[in-house]
Amino acid sequence: MDWLRGSLARWEVFLLFVLVATFACGAQVSQYFLRSSNISIALAGMTPAAIVALPMTLIIVTGEIDISVGSIVGLCATSMAVCLEHGLPVGGAIFSGILVGMLAGFINGIIVAYGALPSLVVTIGTLALYRGVAQIILQERGVSGFPEWYQNIGFGTIDGTPIPWSSIIFVLFFTGFAVFLHRTHWGRALYAIGNNREATRFSGINVKRTILCLFVASGAMSSLAAIVLTAYLASARSDTAIGLELPVITAVVLGGVNIFGGSGTMAGVLIALLVLAFVQNALGLAGVTPEGQQIVTGAVLIVTLIVFGASEIIRKPRATLWRARAPGPARD
Amino acid sequence: MAAKIGGSGAVRQPEPRVYSDVKPEPPGAQGRDLGTEHTDTKLGWSSLPPAIELRGITKRFGSVEVLSDVDLSLRAGRVHSLAGENGAGKSTLVKILGGIHQPDSGRILRDGIDIAILGAADARRQGIAIIHQHPAVFPDLSVAENVFVGRQPQRMGRIDWAAMTDRAQELLSSLQMEIDPRLPVKMLSIAERQAIEIAKALSIDARVLVMDEPTSAISSREVDRLFEIVERLKKQGVAMLFISHFIHEVLGWGDEVTILRSGKRIIAAPTADLTPEQTVRYMIGTEPGAFFPKEDTQIGQSVLSVRGLSGAGFVEDVSFDVRAGEILGFFGLVGAGRSEIAQMLFGITRPEQGEIGVNGHLVRPRSPKHAMQLGISLLPEDRHQQGLVLPFPIRANETLPILRQLADKLGLVDRVREAHIAREFAARMRVVATGVEQPTNTVSGGNQQKVLLAKWLIPSPRILILDQPTRGIDVGAKAEIHHIISGLAGQGMAIVLISDDAREVIGMADRIIVFRGGRFAAEFVRSSFDREAILLAAAHLAREHDTSEPMRGQLSRSRKTLRAFPSISLFMGGLLRVREFGLILALLIICAAVTMRERRFLQPANLEQVALSATLVCMVALGEALVIIAKQIDLSVGAMVAMSAFVSAAWLERHPDGWILSVLLIGCAVGSALGVVNAVLVALFRIPAIVATLGTLAIYRGGVIVLAGGRQISATVLPESYGEIARAHLAGVPLLVWLAILLTVGFGLAARFTRTGRNLYALGSNQESARFAGIDERRHLALVFILSGLLCGFVGVLWGARFGTVDAVIAPDLHLQAISAVVVGGVSIFGGSGTVYGAALGAVIFAVLQNGVQLLGINQFWLEAVIGCAILITVIFYSHLARRAEQVERGSRRIQPVLRNLL
């Protein structure tokens, strides 16, 4: 049970307390909070960001970042909209969306990995580029007319239960990503890359190809988020998911992933996503506007980091705030 | 332990005179007090008190006593060597002298007066300078700035660059180093960087120079050079402490030597009285035995054969064979090409020519993975950079190369087997740790090296290439590793042993190949090993070099001529200026292109619009540029602008008769306050800037939306004078444009000509060194974030004045625009380089692009795509330039061997 004392006993457990506190406060705020219908609304609302947070965690663990995810979601939504406009079946539209997402991710990955350029700058560039292309194609039109079953992906719940279909999709992918990161040799390689790229290369791991694959995965997952989001909104527009990168990166960082790479766990990111979903939901029930919720989200991020940093300092007087709390890598 | 040293009669050496000893040993020597010995007239020691003296220093970390009751005195004009195994307490002692650690007890005396050394900056003030093995420099700053960082010569309140360059030149020539003080330090070798550190020490008139293993990372030619410098400094009366792992240097360089073992001073004596064997015995405490235990092995068939290998720029026509059970030693000076050959065999770099045969099959290692499949393992030279993932547990480091084989089809790692293998090999290598789960960075260097050896033995290679396997580790661990290597050869492994230490290869190898300048120089078989001949073969080049001293002048001349060409001078100090020149050129081209299609572009009214839309982004970009130069980032700028715009407009709405300047003050106050919050989070709570400002971005933006409650404040309800700010003209040019120009120039001058400005560059270039140079990191980080906030506050007021209406959602993408302008303007996102002028130009370029898209009647939806492309193109272009500059620089270094061939 080394890992319990090691990584979990630190950041993730702390986050769990925050989550419990959120539930306690939420239940105080409104009698509806703990109802299954409310919980399913909270979960469904968070799913698109949650889906994108999965590959983002892997990317940040390697020390890179992908700012362009929101624009990729918009571009995928656009391409699906265009397909629908031209009378293609929904299946074909979904296929085109996934293809476009992977292509967008591939372009990011090629420039970052093989051009050896800083991913922060590259993806700021493609953030503008992909959104621009989406706008050129779709302009100000919105395309709706998705079939019932499609819209169910975003809103619907499994018959007779309050569990949203989108959450099922997320849980499947979460399990896959968590196993990938913590149990496979590829996952170990990601931590190695995030800690010491050169030593990883000397160990026979193809760093460039790994990073390229991560960006392609990020593009593919963004297209999945586009499907869920267009289903949720029942329309596809070029401005779909503007600014999505902010809640996604917030969740990953809140989840205890070191923004400079090398450490963090999927469990932490999951708890962080739940915290964010329910904080926003509770605030909404309390009548706080979305903007107010935004403030609280930002505050939760900062206060959590400060509080945890402070507790860390009390425990280890000589440790610096940020570095000290990074959970040990590969102590999976 | 001590009795063994004295009592053993195995090696009869004249016993050294011992001034002071932990236990007066050996019995014949008289333990005299070190203090009285100093006045020994026979040695001609001055009767002055030591320049610096440590008395009875004790230092504990937790319960471990790292130093106990250690005395050390350094005298003017003398070199004192410090020797001891890793972990003997040498580096702790250096850190106490450097002010990094405070002793728990004991006294520090300077010229006989008690002092305390509180921090790195204080050490420097007291005239103590430390030269590290890998000097902590600012790679982006020039040589001159590195020498004078934090205390640049000033004239009339501004940095006097000419004087700084001249003084740096003087200092360097006094060390007989021909380095152009304007070169950025990232272009220099480690030895040259050490010379810069020494120049820095001279510039502060350091009276005590502590050299912490300066010779371990430089070639022997450079070591000779350093020795000359040390001799010169002795004449100047500098007191020096010299630390080295090389016994001959400890004895050859020092006038006297102190030997530490397990934190205690074992002996202090004149070096003349000690033999190398005695020194080693004092260091390790027991009889050293055979250092290099090469066992005789059965040598089999050739496993690896290399023919005519060339590549990596200067390795040429190298051929050799390694047979099963054989240890082939590669000897040569640093830069002889040994590591490059190893990396070509391991698939890290591709050879340009030549054949590699493994077990008689012709192969071309494409990648380390491929090389491993061929049965090759490479233990790389640099344990920290290339060898280990230091934060990983020992287990994960050991199994990293073979993890793929431990996984099933789905990639799931068999963790039971992994732990088993890790434990088995850690035990076999005798790694001392609490277990294989101990993080690798918490074990000693020698143990790390054993972990590294385990890592490369686990794939069970047939060919093992060891690049400096015992560099920088203590004598005991060295012997253990030699023993392991010998055993491996005994099992039939073919081993290539690369080393700087001639005695190591002589002791271990069956055959030695000496390399020189990337070529084969000589080969020796075990029966004909001759240390002198081997050293001579390797050093041949150094002699050639020494006799043709003009070459060095030639080299620097060749650098100078290169600088004459503008494209090549990119890698020189002119990099920044050329970059801005390129930006202006790009700007002109874009303007010309737009004008050709649409004449209206040049109409004054249009130009004014362009200028106005550039100004606001430009001012925000100035702050962002400083933030990024200091290696931070501020994502909250747009939200800060919105907050300040709304608050100031709301105030004006309530106080329509208010003085217009007070609106500006309120805006600036709001911006600064928000900036202070960012500053506190980053500088005080040490939250990474990207995370902190991501959070405050949400808070500020949410805050202003809540505050506004969906309301818009229109200029029509605001006093006329408010809009006047944006409409006012001075000499036919809008006031705002003048303001932006003024601010840009002001910030540009401040960044270049104030110490604070240069400190930002230093901080962005190398945070660690900046801290050591006594730059207050917190203060500077706080400063940039507050400045960024202040500028955003100012821009917020102007925003409302210019656009007429203010609501909560203005400037939604301003952070992206500002960062784009800064990056396109040539500021490195990694900090330390670029100028605010570039950032301003970047903002102008985006404004022109935006205007051009509108004018040309291109659908406005294209704008974002165009901007995205512009960012990508410039970033790719800059990285291409940087890489080319690096190649040119490397090329100019390579001129050396070419010239040598001609001479």
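In the text below, chain A, chain B and the rest are named by the order of the sequence lines, each starting its count at 1.
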Once you round to the nearest 0.5 Å, how far does [atom1] of [X] lie from [atom2] of [Y]?
X: B:Asn441; Y: B:Leu388; atom1: CG; atom2: CG; value: 10.0 Å
X: B:Leu635; Y: B:Met640; atom1: CG; atom2: CE; value: 10.0 Å
X: A:Leu283; Y: A:Thr297; atom1: CG; atom2: OG1; value: 7.5 Å
X: A:Ile67; Y: A:Ile72; atom1: CD1; atom2: CD1; value: 11.5 Å

Which portion of [X] sits near chain A, non-hydrogen atoms under 4.5 angstrom:
X: B:Phe346; answer: side chain
X: B:Gln373; answer: neither
X: B:Ser367; answer: neither
X: B:Phe830; answer: side chain
X: B:His384; answer: backbone
X: B:Ile876; answer: both
X: B:Val413; answer: both
X: B:Ile871; answer: side chain

Do any of residues 237-251 of chain A have a heavy atom less than 4.5 Å from a heavy atom of chain B, and if so, which, in residue order?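 Under the 4.5 Å heavy-atom cut-off, A:Leu246, A:Ile249, A:Thr250 qualify.
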Taking atom CZ of B:Arg366 as the centre, does the number of heavy atoms from other residues, nucleotides or ligands within less than 6.0 Å exceed 12?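 No, the 6.0 Å shell around CZ holds no more than 12 heavy atoms from other groups.
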So with a 6.0 Å cut-off around CZ of B:Phe877, is the heavy-atom count from everything else above 12?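 Atom CZ in B:Phe877 is not crowded, with 12 or fewer foreign heavy atoms closer than 6.0 Å.
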Shortest non-hydrogen contact from [X] to [Y]?
X: B:Leu400; Y: A:Ser203; answer: CD2-OG, 3.6 Å
X: B:Leu378; Y: B:Gln343; answer: CD2-CG, 4.3 Å
X: B:Phe392; Y: B:Thr440; answer: O-OG1, 2.6 Å
X: A:His182; Y: A:Tyr191; answer: CE1-OH, 3.1 Å

Within the distance-only criterion (no hydrogens, no angle test), does the side chain of [X] pair as donor or acceptor with the backbone N or O of [Y] below 3.5 angstrom?
X: B:Tyr700; Y: B:Ser636; result: no
X: B:Ser377; Y: B:Trp456; result: yes
X: A:Thr62; Y: A:Ile193; result: no

For [X], which atoms come within 4.5 Å of any heavy atom of chain B: side chain, backbone, both, or neither?
X: A:Ala134; answer: neither
X: A:Leu117; answer: side chain
X: A:Ile302; answer: both
X: A:Ile295; answer: both
X: A:Arg201; answer: both

What residue, out of [options], has the most heavy-atom pairs lying under 4.5 Å from chain B?
options: A:Thr126, A:Ile124, A:Ile111; result: A:Ile124
options: A:Asn196, A:Leu301, A:Leu129, A:Ile136; result: A:Ile136
options: A:Pro118, A:Gly298, A:Ala199; result: A:Ala199
options: A:Ala128, A:Gly132, A:Ala116, A:Ala299; result: A:Ala128

Please work out which of the three classes, parallel, tilted or perpendicular, describes the rings of A:Phe180 and A:Trp186, given edges at 30° and 60°.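 Plane angle under 30°, so parallel.
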Please determine which of A:Leu58, A:Ile59, A:Ile60 meets the side-chain contact (heavy atoms from CB on, under 4.5 Å) test together with A:Val257.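 Per the side-chain contact (heavy atoms from CB on, under 4.5 Å) rule, the option paired with A:Val257 is A:Ile60, out of A:Leu58, A:Ile59, A:Ile60.
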In terms of heavy-atom pairs under 4.5 Å with chain A, which of [options] leads?
options: B:Ile829, B:Thr399, B:Ile819; result: B:Ile829
options: B:Val866, B:Leu410, B:Ile633; result: B:Leu410
options: B:Ala698, B:Ser828, B:Ala808, B:Pro459; result: B:Ala698

Could you tell me whether the side chains of B:Asn678 and B:Thr696 share a donor-acceptor contact shorter than 3.5 Å?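 Result is yes, a qualifying pair exists.
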